Amino acid sequence: LLTTGKHSEFPEVVGHFNLLRFLRGCNREIPEAVKLFKKHIALRAEFNLDEVRQRMVKILDEKPLFGQEDLTHGSAWAEHFPNQLSAGENPSGHVIIYLPEGDHNTKNLMEALTVEQIWETKLEDLILRQIQMDRLSRKYNRLMKQVVIVDCAGASMANLNNKEWSAVDKDFSDRALTCTHVEFVGRIFLINAPMIVRTLYAMAKHAIPKRTRSRIFIHGHDYRKHIMDQISTRTLSALISFRKA
């Protein structure tokens, strides 16, 4: 798998940084890492992702700070499920991604796009991000990751309680995300989180794997003093302006 097929020419697939992600993501258990890597290669074959890669390389070459609208069906995502895919870098060079949860309307998104179209966009994002993170890792000669900021401002059960969307999202995560974005996320910050979110997390966090739990930080409206070492004032202001909620 490392030496045959188109993917064997892609550093973001067979390069040592990506293989290190699989090894660390599987707690250094080589048989488990091999199993997960095989699952990723099978995914590439099933959805012809080696061909998708050609378009994603072109996007990244032309627009390193890419956005949703650079992807297929991206205009529908930007309207109903807006995210900042390239919100800059933190002081260590890790990529910042901003998710305004209160602006996400999964019902409208699923009315605008079919499940197949949703998968198409999400797969493009997977491959584009895979290439980006590998390029950054080789640039800095260390494993680069993502700093994900989830803004809970304006979020309600209407944003979260969509069983049809949850099923699609879970299916994508199980079949595609978990075998592609291995050890991609360094930290997750939930900001503007209401007390109920913090209470529920405190009750459930012991069921979350320790490695994952150590990367999650939940803050209320006082989040600024907790995250300013990760993001500049200018970038934070731009993200808050991007948010509609």
Side-chain angles (χ1 to χ4, degrees), residues 1-57 60 85 89-97 99 119-148 150 166-189 201 204-217 230:
L1 290 180
L2 295 177
T3 59
T4 60
K6 284 187 177 180
H7 67 269
S8 66
E9 303 173 3
F10 306 152
E12 72 275 9
V13 179
V14 300
H16 66 277
F17 282 114
N18 194 47
L19 298 181
L20 178 61
R21 293 185 193 277
F22 277 82
L23 191 59
R24 287 187 179 176
C26 295
N27 295 316
R28 298 175 174 80
E29 295 289 340
I30 293 177
E32 290 301 313
V34 171
K35 181 179 178 181
L36 191 61
F37 185 76
K38 287 182 176 179
K39 183 177 179 181
H40 173 66
I41 300 304
L43 178 80
R44 300 184 77 91
E46 180 181 358
F47 292 97
N48 202 23
L49 297 185
D50 291 343
E51 298 301 324
V52 171
R53 177 192 186 271
Q54 294 182 12
R55 291 185 284 112
M56 298 305 102
V57 167
L60 194 57
L85 303 183
E89 299 177 357
N90 79 345
S92 300
H94 300 293
V95 176
I96 297 173
I97 300 172
L99 314 178
W119 265 73
E120 185 177 4
T121 307
K122 288 168 77 71
L123 285 169
E124 287 186 354
D125 182 53
L126 279 191
I127 299 304
L128 185 57
R129 192 71 71 182
Q130 187 183 45
I131 301 166
Q132 178 197 45
M133 299 308 295
D134 180 71
R135 287 185 177 182
L136 286 173
S137 295
R138 286 186 284 129
K139 174 183 176 181
Y140 290 104
N141 197 31
R142 55 193 170 89
L143 210 59
M144 301 306 292
K145 297 190 177 183
Q146 300 168 347
V147 176
V148 181
V150 182
S166 296
V168 172
D169 196 45
K170 184 179 185 304
D171 184 39
F172 184 83
S173 178
D174 291 344
R175 293 173 56 195
L177 180 65
T178 55
C179 69
T180 304
H181 284 192
V182 183
E183 284 292 292
F184 269 44
V185 177
R187 293 186 180 183
I188 301 174
F189 293 97
Y201 178 74
K205 68 179 183 180
H206 297 294
I208 301 173
K210 185 178 180 180
R211 282 170 59 84
T212 303
R213 191 167 68 238
S214 66
R215 303 172 187 180
I216 299 175
F217 304 86
Q230 297 291 323

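Values in this document were obtained by computation on a predicted structure and should not be read as measured data. For reference, positions follow the sequence shown, starting with 1.
- At distances below 3.5 Å, at least one donor-acceptor pair connects side-chain atoms of Asn90 with backbone N or O atoms of Ser92.
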Take Val147 and Glu89 through the side chain to side chain contact (heavy atoms under 4.5 Å, CB included) test and state the conclusion after the steps.
CA-CA 8 Å; Val147 176; Glu89 299 177 357; over 6 Å; no
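- Salt bridge annotation for Lys38-Glu32: absent, with no cationic side-chain nitrogen under 4.0 angstrom from a carboxylate oxygen.
- For the residue pair Val95 and Leu85, the shortest heavy atom distance occurs at CG1-O, 4.5 Å.
- Heavy-atom minimum distance, Val13 versus Gln130: CG2-OE1, 4.2 Å.
- A 4.5 Å side-chain heavy-atom check between Val52 and Leu49 finds at least one atom pair inside the cut-off.
- When only modelled atom types and interatomic distance are considered, Arg129 and Thr180 share no side-chain donor-acceptor pair under 3.5 Å.
- Between Leu123 and Ala176, the closest heavy-atom pair is CD2-CB, 4.2 Å.
- Residue pairs meeting the ring-ring contact (aromatic ring centres under 6.0 Å, His included) criterion with at least one partner in residues 15-41, sequence neighbours excluded, are Phe22-Phe37.
- Rounded to the nearest 0.5 Å, atoms OG1 (Thr121) and CG (Asp125) are 9.0 Å apart.
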Walk me through whether Asp50 and Phe10 qualify under side chain to side chain contact (heavy atoms under 4.5 Å, CB included).
CA-CA 9 Å; Asp50 291 343; Phe10 306 152; 3.5 Å; yes
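- At least one donor-acceptor pair closer than 3.5 Å links the side chain of His7 to the backbone N or O of Leu1.
- Contact check for Phe172 versus Leu126: side-chain heavy atoms found under the 4.5 Å cut-off.
- Interatomic distance, Arg175 CZ to Lys170 NZ, rounded to the nearest 0.5 Å: 12.0 Å.
- Across every non-hydrogen atom of Leu99 and Ile97, the tightest pair is CD2-CG2, 3.8 Å.
- Taking OG1 of Thr4 as the start and CD1 of Ile41 as the end, the distance is 9.0 Å to the nearest 0.5 Å.
- Within the 3.5 Å criterion, the main-chain N or O of Ile188 finds no donor-acceptor partner in the side chain of Arg215.
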Take Ile216 and Tyr201 through the side chain to side chain contact (heavy atoms under 4.5 Å, CB included) test and state the conclusion after the steps.
CA-CA 10 Å; Ile216 299 175; Tyr201 178 74; 3.8 Å; yes
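- With sequence neighbours excluded, the residues forming a side-chain hydrogen bond (donor to acceptor under 3.5 Å, both in side chains) with Arg55 are Glu124, listed by chain and number.
- Taken from CG in Asn141 to CG in Leu136, the straight-line distance is 13.0 Å, to the nearest 0.5 Å.
- In terms of the side-chain hydrogen bond (donor to acceptor under 3.5 Å, both in side chains) criterion, Lys39 has no residue partners (sequence neighbours excluded).
- Between Arg135 and Glu12, no side-chain nitrogen of the basic residue sits less than 4.0 Å from a carboxylate oxygen of the acidic one, so the salt-bridge criterion is not met.
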Pair Gln146, Arg187 - check side chain to side chain contact (heavy atoms under 4.5 Å, CB included), show working.
CA-CA 7 Å; Gln146 300 168 347; Arg187 293 186 180 183; over 6 Å; no
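- Considering only heavy atoms from C-beta on, Arg44 comes within 4.5 Å of Ile127 through its side chain.
- For the pair Leu2 and Ser8, the tightest heavy-atom approach, listed with the atom from each and the gap, is O-CB, 3.4 Å.
- You'll find the side chain of Phe184 reaches within 4.5 Å of the side chain of Arg21, heavy atoms only.
- The two residues Ser137 and Met144 come nearest to each other via the heavy atoms OG-N, 3.1 Å.
- Separating the CG atom in Leu20 from the CZ atom in Arg142 is a distance of 13.5 Å, to the nearest 0.5 Å.
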